[in-house]
Amino acid sequence: MRRPVLILFAAMFAWSLLAFGKPPEPPVTLLIGSVPAAKVHPGDTLVVTIPITVARGYHVNANPAASDDYIPLEVKLDSTDGIRAGDAVYPKGTVWRLEGTTENLLVYGGDIMVKLRLAVSRSAAAGKRVMKGTLDFQACNNQVCFLPESRPLAVTVEVLATQP
């Protein structure tokens, strides 16, 4: 009895894919702007700015979020070869309330900048490095929140030769 049910289910699934195609792609709710390559000497620190645009009609939770129950926007950058990434500095969120609710949220919309301090060790060898990481967030509009997303992030840093 199980086999006919499985065959029927598989046939219905195949028909739905043929009839309707693949599920729709989620909307583009956030874009990461270009981060210019940074140049630094061993032993120095620098701040890189990561430009982010939240698409019109959407918002993401600020960092920190209004509640631990919400997923904040978060920049994570891995340390590499003599360069250590510090904690990100986020802009202040805007107070926003979904119609019909009484809870205030802290959100970002439009263009924002996240700053990240990088520390270069005194013994760092000269050369270019690409620091990789992610930008994690959950976008919402006035009706629904979408699944959390993680986008790749890369910052190029060139360590210059030691000053004479």
Roughly how far apart are [X] [atom1] and [Y] [atom2], rounded to 0.5 Å?
X	Y	atom1	atom2	answer
Asp44	Leu118	CG	CG	12.0 Å
Phe137	Ile52	CZ	CD1	9.0 Å
Thr134	Glu74	OG1	CD	7.5 Å
Thr94	His59	OG1	NE2	11.0 Å
Asn104	Thr102	CG	OG1	8.5 Å
Thr156	Lys132	OG1	NZ	9.5 Å

Between [X] and [Y], what is the shortest heavy-atom contact and its length?
X	Y	answer
Pro72	Ala62	CB-O, 3.2 Å
Leu160	Pro42	O-CD, 3.3 Å
Val35	Ala154	CB-O, 4.5 Å
Ala161	His41	O-CD2, 3.2 Å

Contact list for [range], test disulfide bond (SG atoms under 2.5 Å apart), sequence neighbours left out:
range	value
residues 40-70	none
residues 37-89	none
residues 41-86	none
residues 90-158	Cys140-Cys145

Are [X] and [Y] joined in one hydrophobic group, where the rule is that I, L, V, M, F, W and Y side chains link up if heavy atoms are under 4.5 Å apart?
X	Y	result
Tyr90	Tyr58	yes
Val144	Val60	yes
Leu77	Val89	no
Ile32	Met131	yes
Leu153	Met113	no

Does [X] have any side-chain hydrogen bond (donor to acceptor under 3.5 Å, both in side chains) partners at least two apart in sequence or in another chain, and if so, which?
X	value
Asp81	none
Lys76	Asp136
Thr80	none
Glu103	Tyr70

### Task
Indicate yes or no for a side-chain donor-acceptor contact from Gln138 to the backbone of Phe146 under 3.5 Å, with no hydrogens or angles considered.
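Side chain of Gln138 to backbone of Phe146: a pair is present.
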### Donor-acceptor pair, side chain of Thr53 and main chain of Asp111, under 3.5 angstrom
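No, because the side chain of Thr53 does not come within donor-acceptor range (under 3.5 Å) of the backbone of Asp111.
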### Message
Using side chain to side chain contact (heavy atoms under 4.5 Å, CB included), reason through Asn61 and Trp96 one step at a time and then give a plain yes or no.
### Response
CA-CA 10 Å; Asn61 286 300; Trp96 183 82; over 6 Å; no
### Message
For Val120, give me all partners under side chain to side chain contact (heavy atoms under 4.5 Å, CB included), at least two apart in sequence or on another chain.
### Response
Val40, Leu46, Ile83, Ala124, Val159
### Message
Between Leu135 and Leu30, is the side chain to side chain contact (heavy atoms under 4.5 Å, CB included) condition met? List the steps.
### Response
CA-CA 10 Å; Leu135 175 67; Leu30 182 142; 3.5 Å; yes
### Arg151: salt bridge (Lys or Arg N to Asp or Glu O under 4.0 Å) partners, not counting sequence neighbours
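Arg151: salt bridge (Lys or Arg N to Asp or Glu O under 4.0 Å) contacts with Glu149.
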### Message
Tell me which pairs pass salt bridge (charged side-chain N to carboxylate O under 4.0 Å, His left out) where either residue lies in residues 115-124, with sequence neighbours left out.
### Response
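Applying salt bridge (charged side-chain N to carboxylate O under 4.0 Å, His left out) to every pair that reaches into residues 115-124, excluding sequence neighbours, yields nothing.
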### Query
Given a cutoff of under 4.5 Å between side-chain heavy atoms of I, L, V, M, F, W and Y, with clusters grown through shared members, what are the other residues clustered with Val95?
Leu106
